[in-house]
Asker: 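Take a look at the following structure, please.
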Amino acid sequence: MSETPTYEPNAIEAKWQARWQEQGTNEPDLDGATRPYYNLMMFPYPSAEGLHVGNLFAFTGADVFGRFKRMQGYQVFEPIGFDAFGIHSENYAIKVGAHPATLIPQNIANFTRQLTRMGGMFPWRNVLSTTEPSYYKWTQWVFLQLFKRGLAYKKNGAVNWCPSCKTVLSNEQVVAGACERCGSVVEARVLEQWYFRITDYAERLLNNLDDRSKMDWSDTTVMAQKNWLGRSEGADITFTVAGGDAAITVYTTRPDTLFGATFMVLAPEHPLVDALTSDVQRDAVQAYRAQAAAKDLTSRKIGDKEKSGVFTGGHAINPATGKQIPVWIADYVLMEYGTGAIMAVPGHDERDFAFATKFALPIVRVVAGPGEDASTPLAEAFTEVDAGGVMVNSGDFDGRAPLDVKSALTAWLEGEGSGTKRVQYRLYDWCISRQRYWGPPIPIIYCDDCGPVAVPDDQLPVELPLIDDFRPDDSGVSPLARHAEWYFTPCPTCGKKSRRETDVSDTFLDSAWYFLRYPNTEFNDVAFDPARTKTWLPVDSYIGGNEHAVLHLLYSRFITMVLHDAGMLDFEEPFKKFRAHGLIVKDGAKMSKSKGNVVNPDQYMEHWGADTFRTYLMFLGPFQEGGDFRDAGISGPRRFLDKVWDLVTQAIDPDCRDAEIRHEVLIKWHQSKKRVTEEVEQLRYNTAIAALMELVNVLREQNCAERTVISELVQMTAPFAPHFAEECWERLGHATTIFDSPWPTFDHDLTVENTITIGVQVNGKTRGTITIAREADESVARAAAEAEESVSKYLTGQEIRKVIWVPGRMLNYVVG
RNA sequence: GCCCGAGUGGCGGAAUGGUAUACGCAGCAGACUCAAAAUCUGCCGGCUUCACGGCCUUAAGAGUUCGAGUCUCUUCUCGGGCACCA
């Protein structure tokens with residue numbers, strides 16, 4: 001008994017990784033696939049630190065699913081790539097004094113090493129990086145598709161500007177109104193920027209979310225998208241300005257409360273402010289507008305909720321009451337939402353109530369709740385619409401329910417020509433301009449004669465020049481503008497000396513279409529080949545983090561819809577199924593560099609092997625909820641693999657093979673196959689692994705190492721521990737990869753025992769158990785139960801009032 | 001503030017309204033060993049009992065039900081998202 005090999009993960013893993021590479025095991029036939037399955041995971045941003053445990057958890061979970069689908073007979077395409085443009089790479093390069101173009105390839109090499117080490121089923125010939133000209137050529141092409149369809153436009157927009165770092169900051173880089181890096185107070189700067197008209201698609205983006213045939217998504221993700229889209233139903237109402245021809249249009253979701261509108265508020269930037277302002281108020285209004293303009297975006301939005309504002313001196317007429325009401329300006333009204341103006345109903349809106357209280361404006365009750373009437377004082381805004389209240393102080397509408405008056409009043413306004421019903425979305429257009437260096441240049445040329453001109457397709461890509469001074473400067477203009485040889489270029493239409501657009505595009509654009517490129521990486525003349533696309537898309541399963549629940553997924557859906565409308569794709573939803581994985585925490589806290597609790601997976605893979613580490617990660621908690629990383633627990637999965645290894649050793653030994661499968665093993669075997677199959681399908685990996693462990697325990701107790709059973713056990717461990725399973729499979733005498741073997745099937749009749757043990761309750765308390773035939777009827781069960789001393793002692797001397805018999809489940813006596 | 005999600009042994013976590021605590025970790029006892037590690041066997045929610053057993057227990061409280069970790073309401077705590085959206 002000398003030649004028995006022991007389980008040595010590192011040797012086995014290197015062996016199988018090399019073999020997969022040599023034999024192209026992970027590369028499906030992209031053209032000839034008959035049962036294609038596109039298994040997508042969110043590609044990583046290749047940071048200098050390398051993959052962390054959270055990435056590995058996500059990729060392993062997606063890989064387990066892909067390997068499972070493959071064993072179910074699909075040709076699985078499970079590509080990986082790198083999302084390497086963006087401000088993070090650029091800032092890091094500035095910090096370490098290097099160029100991102102040299103850092104990124106190093107990071108990608110390190111990520112590639114780690115992704116190979118973990119044993120992912122990645123087709124490396126289809127790898128992509130968003131920073132390669134061969135990729136971003138098509139990102140620019142995507143931009144131009146939108147430009148040509150009128151969906152890309154320029155407008156002024158405010159950005160966060162740090163005067164000390166001389167750079168535009170993203171919202172998350174602004175902390176409490178200050179620059180996250182240097183602490184300077186951030187200013188708002190207005191720049192002309194490129195936007196995509198995603199708002200045109202708001203309704204379709206919302207409606208498809210409820211269409212299960214197009215999208216089977218996690219509920220939490222659907223909810224997040226719905227909230228982001230923020231559909232509301234209401235009305236536009238026009239108020240004429242007293243003593244003038246001007247009119248102010250407001251948007252409200254509560255047209256029923258129109259009689260309670262006692263003043264109006266415009267956003268400080270509203271175009272009618274000048275016209276409304278009286279001479280007396282002009283100075284105060286000017287001062288307030290200047291003050292509002294100076295506030296940075298974030299502190300205006302989420303900062304101090306204390307109301308501020310100024311009276312313009314102007315008045316408007318409430319179309320319902322005919323009364324003149326004062327018009328104010330205040331920064332709690334946002335120019336970007338609705339019409340930038342509101343009718344203020346302080347009795348029934350918390351913000352308006354706070355404002356009216358602060359500035360002593362009249363508050364009128366127009367809805368009376370249960371037990372209230374028109375004169376009940378309002379200590380706070382009464383905002384309930386559907387709480388059984390009735391209208392009061394509202395003329396002909398008095399006594400009716402607010403919900404009913406909502407539509408009735410809107411209809412009346414429509415008749416008067418002073419209002420219309422309208423649906424409003426919270427979603428705003430997608431700003432894709434970045435005044436930075438490390439991104440794909442926006443492919444537009446400005447010609448004095450021809451205006452903004454698209455760079456012709458045959459001149460794409462507009463390559464990002466490899467310049468050394470890529471730092472942003474004081475001007476707020478992209479560093480690209482400083483390079484005359486790049487900046488000046490002939491107009492593609494008339495040939496006149498023209499200027500390139502110097503903004504680069506948002507990284508979210510890079511990732512909004514990458515899934516279309518993966519099956520087409522070898523094509524240089526098209527972004528995506530129609531035949532390939534028809535075979536592989538839409539994506540069958542997409543797994544990723546819920547931090548991208550809104551932006552990335554919404555932008556991807558939008559770009560797909562646009563390309564669908566352009567006739568280039570025959571589907572409008574890119575991801576048939578989406579599941580969000582959970583988060584790995586360490587000691588109850590999210591892993592982060594600042595907390596110093598980031599776990600580097602390399603050392604674990606080195607010490608335990610990738611297979612044990614993968615199995616551990618999938619076992620530590622529900623995949624869709626995440627879990628707590630505790631290295632003490634890793635020994636459990638390792639012991640499990642050791643036990644399977646030993647069973648394989650026994651199974652291939654002709655001397656100790658057990659030909660007969662005992663009934664107890666047979667049932668457990670089929671039950672395990674059923675459970676594992678169903679649970680892996682639902683990404684419930686932790687319980688699937690528990691089921692495999694239970695099976696192993698039974699096999700050991702029963703001394704069974706029957707070859708068929710062990711073979712199938714090995715197959716079921718394969719998605720979790722792929723190298724390990726390949727090695728076991730080879731030891732069992734197979735010459736081809738285990739991933740081309742069919743997933744084990746089970747016999748339903750063998751998943752249920754002929755005799756079952758059920759609980760017997762007396763008055764709902766479990767008092768004993770009985771073991772009876774599965775099909776036993778009530779009388780048999782009762783006879784067995786009443787013969788049990790532990791049950792009968794609660795029955796003697798009691799009147800049995802009722803017996804509840806749930807066949808095959810339980811028996812309950814109600815006595816007393 | 002609003003919208004989601006979650007609170008179960010010492011720990012990670014299982015449980016179609018039907019025997020709560022599967023599986024794993026840690027711990028305790030034993031076997032093997034000169035010894036230790038590894039491995040194997042057994043025990044392992046709390047209180048109570050010599051024991052058989054009894055009572056309690058799924059964040060707290062109420063409710064529905066023959067029966068609730070699971071369904072409903074209220075409260076508390078934690079995590080995530082949105083944040084003056086009219």
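Residue numbering restarts at 1 for every chain, and letters A, B, ... go by the order of the sequence lines.
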Asker: Show me the protein contacts with nucleotides 40-51 of chain B, counting only N or O atoms at under 3.5 Å.
Answerer:
| unit_1 | atom_1 | unit_2 | atom_2 | d |
| --- | --- | --- | --- | --- |
| B:C40 | OP1 | A:Arg700 | NH2 | 2.5 |

Asker: Between A:Asp628 and A:Arg630, does at least one N-O distance fall below 4.0 Å, as a salt bridge requires?
Answerer: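 Here A:Asp628 does not pair with A:Arg630 in a salt bridge, since their nearest N and O are not under 4.0 Å apart.
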Asker: Which salt bridge (Lys or Arg N to Asp or Glu O under 4.0 Å) pairs, counting each pair once, include a residue from residues 756-776 of chain A, with sequence neighbours left out?
Answerer: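 Qualifying pairs, neighbours excluded: none.
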Asker: With a 4.0 Å cut-off on heavy atoms, is A:Ala632 in touch with a base, just the backbone sugar-phosphate, or nothing at all?
Answerer: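 Answer is sugar-phosphate: A:Ala632 comes under 4.0 Å of backbone atoms only.
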Asker: Please enumerate all residues that pass ring pair (Phe, Tyr, Trp, His ring centres under 6.0 Å) together with A:Phe259, with sequence neighbours excluded.
Answerer: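 Counting only residues at least two positions away or on another chain, A:Phe259 forms no ring pair (Phe, Tyr, Trp, His ring centres under 6.0 Å).
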Asker: Check the angle between the aromatic planes of A:Phe355 and A:Phe359 and answer parallel, tilted or perpendicular using the 30° and 60° thresholds.
Answerer: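 Tilted: the ring planes of A:Phe355 and A:Phe359 meet at 30° to 60°.
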Asker: Toss me the dot-bracket line for RNA chain B: Watson-Crick and G-U wobble, both under 3.5 Å, 5' to 3', using | for pairs to another strand and [ ] for crossers.
Answerer: (((((((..(((.....[....))).(((((.......))))).((((....))))..(((((..]....))))))))))))....
Asker: According to salt bridge (Lys or Arg N to Asp or Glu O under 4.0 Å), does anything in residues 676-687 of chain A pair up with another residue at least two apart or in another chain? List the pairs.
Answerer: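 Qualifying pairs, neighbours excluded: A:Lys69-A:Glu681, A:Lys674-A:Glu678, A:Arg675-A:Glu679.
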Asker: Does A:Lys226 make a cation-pi contact with A:Trp228 (under 6.0 Å, within 45 degrees of the axis)?
Answerer: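 Relative to the ring axis of A:Trp228, which defines the angle, A:Lys226 lies outside at least one limit.
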Asker: Between the protein and nucleotides 53-56 of chain B, which nitrogen or oxygen pairs are less than 3.5 angstrom apart?
Answerer:
| unit_1 | atom_1 | unit_2 | atom_2 | d |
| --- | --- | --- | --- | --- |
| B:G54 | OP1 | A:Tyr794 | OH | 2.7 |
| B:C55 | OP2 | A:Arg767 | NH1 | 3.2 |

Asker: Mapping A:Glu547 and A:Glu694 to their closest nucleotides on RNA chain B, which lands nearer the 5' end?
Answerer: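 Going by which nucleotide is closer to the 5' end, it is A:Glu694.
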Asker: Any salt bridge between A:Lys421 and A:Asp236, counting N to O under 4.0 Å?
Answerer: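 Looking at A:Asp236 together with A:Lys421, the answer is no, because their closest N to O distance does not fall below 4.0 Å.
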Asker: Check whether any side-chain nitrogen or oxygen of A:Thr766 sits under 4.0 Å from OP1 or OP2 of B:A20, and answer yes or no.
Answerer: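 Indeed, a polar side-chain atom of A:Thr766 lies that close.
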Asker: Between A:Arg289 and A:Glu269, is the closest basic N to carboxylate O distance under 4.0 Å?
Answerer: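 No salt bridge links A:Glu269 with A:Arg289.
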Asker: Quick one: which protein N/O atoms are closer than 3.5 Å to N/O atoms of nucleotides 66-68 of chain B? Pair and distance per line, please.
Answerer:
| unit_1 | atom_1 | unit_2 | atom_2 | d |
| --- | --- | --- | --- | --- |
| B:C66 | O2' | A:Asn812 | ND2 | 3.4 |
| B:C66 | O2 | A:Asn812 | ND2 | 2.5 |

Asker: Can you give me the N/O atom pairs linking the protein to nucleotides 28-33 of chain B at distances under 3.5 Å, or say none if there are none?
Answerer:
none

Asker: Could you check whether the rings of A:Trp217 and A:Phe578 sit parallel, tilted or perpendicular, using 30° and 60° as the cut-offs?
Answerer: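 Taking A:Phe578 first and then A:Trp217, their aromatic rings sit tilted (interplane angle of 30° to 60°).
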Asker: Any side-chain N or O of A:Tyr251 below 4.0 angstrom from OP1/OP2 of B:A86?
Answerer: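 The answer is no; no side-chain N or O of A:Tyr251 sits under 4.0 Å from OP1 or OP2.
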Asker: Among all residues two or more places apart in sequence or in another chain, which pass the ring pair (Phe, Tyr, Trp, His ring centres under 6.0 Å) test with A:Trp430?
Answerer: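 Result, ring pair (Phe, Tyr, Trp, His ring centres under 6.0 Å) vs A:Trp430: A:Phe196, A:Tyr555.
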Asker: Determine whether A:Ile689 and A:Phe720 satisfy the following criterion, side chain to side chain contact (heavy atoms under 4.5 Å, CB included), listing intermediate values before the conclusion.
Answerer: CA-CA 9 Å; A:Ile689 293 167; A:Phe720 303 102; 3.8 Å; yes
Asker: Can you check side chain to side chain donor-acceptor pair (under 3.5 Å) on A:Thr757 and A:Thr771, steps first, answer last?
Answerer: CA-CA 4 Å; A:Thr757 302; A:Thr771 301; 3.1 Å; yes
Asker: Please list, one pair per line, the donor and acceptor atoms closer than 3.5 Å that link side chains of residues 378-385 of chain A to other protein atoms, with sequence neighbours excluded.
Answerer:
none

Asker: Can you list the residues that meet the ring pair (Phe, Tyr, Trp, His ring centres under 6.0 Å) rule with A:Trp608, with sequence neighbours excluded?
Answerer: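 Expected list: none.
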Asker: OP1 or OP2 of B:A15 sitting under 4.0 Å from any side-chain N/O of A:Arg684?
Answerer: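 Yes.
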Asker: Where along nucleotides 4-13 of chain B does protein come under 4.0 Å, by heavy atom, of base (B) or sugar-phosphate alone (S), with - for untouched nucleotides?
Answerer: S------SBS
